[in-house]
Amino acid sequence: MKADSYGTPTEQARYRMGWMTPTERKKDGQQNRCATCRYFHFETVTSGWGGVNLKARCGHPMAAGETGHATRENAVCAKWEIKA
């Protein structure tokens, strides 16, 4: 998972939002993280065996995709907003 101005539409959306991986966030000294953002949510999906999995998603209006794009709980972007 990465942010790339010339990558897939999702990677381009992450790039425009200033998305950082967990490692980049820690190096930058950012305390905020996706898990504490108002746009962060888990999407429930079923596996092929009937089990349930959770996917971390960013639901910001600038995010790619119908339900937002994939993210990581410890990542962060420049569009982070506190949960109300």
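- Between the Lys83 side chain and the Ala35 main chain, a donor and an acceptor come within less than 3.5 Å of each other.
- For Thr10 against His69, the heavy-atom pair with the smallest separation is CG2-CB, 3.4 Å.
- Hydrophobic clustering (ILVMFWY, side-chain heavy atoms < 4.5 Å, transitive): Phe40 and Leu54 are in one cluster.
- Here the closest non-hydrogen pair linking Arg72 and Pro22 is CB-CG, 4.2 Å.
- Hydrophobic clustering (side-chain heavy atoms under 4.5 Å, transitive across Ile, Leu, Val, Met, Phe, Trp, Tyr) keeps Trp19 apart from Trp80.
- Within the 4.5 Å cutoff, no side-chain heavy atoms of Arg14 are placed close to those of Lys2.
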Does Met17 form a side chain to side chain contact (heavy atoms under 4.5 Å, CB included) with Cys58? I'd like the steps, not just the answer. CA-CA 11 Å; Met17 293 173 70; Cys58 174; 3.8 Å; yes
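- With hydrogens and angles ignored, the 3.5 Å screen pairs no side-chain donor or acceptor of His60 with any backbone N or O of Tyr39.
- Rounding to the nearest 0.5 angstrom, the gap separating the SG atom in Cys37 from the CD atom in Glu81 is 6.5 Å.
- For the pair Ala64 and Pro9, the tightest heavy-atom approach, listed with the atom from each and the gap, is CB-O, 4.1 Å.
- If you chain together hydrophobic residues whose side chains sit under 4.5 Å apart, Ile82 and Met20 fall into the same group.
- Note that the CD atom of Glu66 and the CD atom of Glu43 stand 9.5 Å from one another [nearest 0.5 Å].
- Asp28 pairs in a side-chain hydrogen bond (donor to acceptor under 3.5 Å, both in side chains) with only one of the listed residues (Gln30, Lys26, Arg25), which is Gln30.
- Atom OG1 of Thr36 is separated from atom CG of Asn74 by 9.5 Å, given to the nearest 0.5 angstrom.
- Met62 approaches Lys79 most closely through the heavy-atom pair SD-CE, 3.5 Å.
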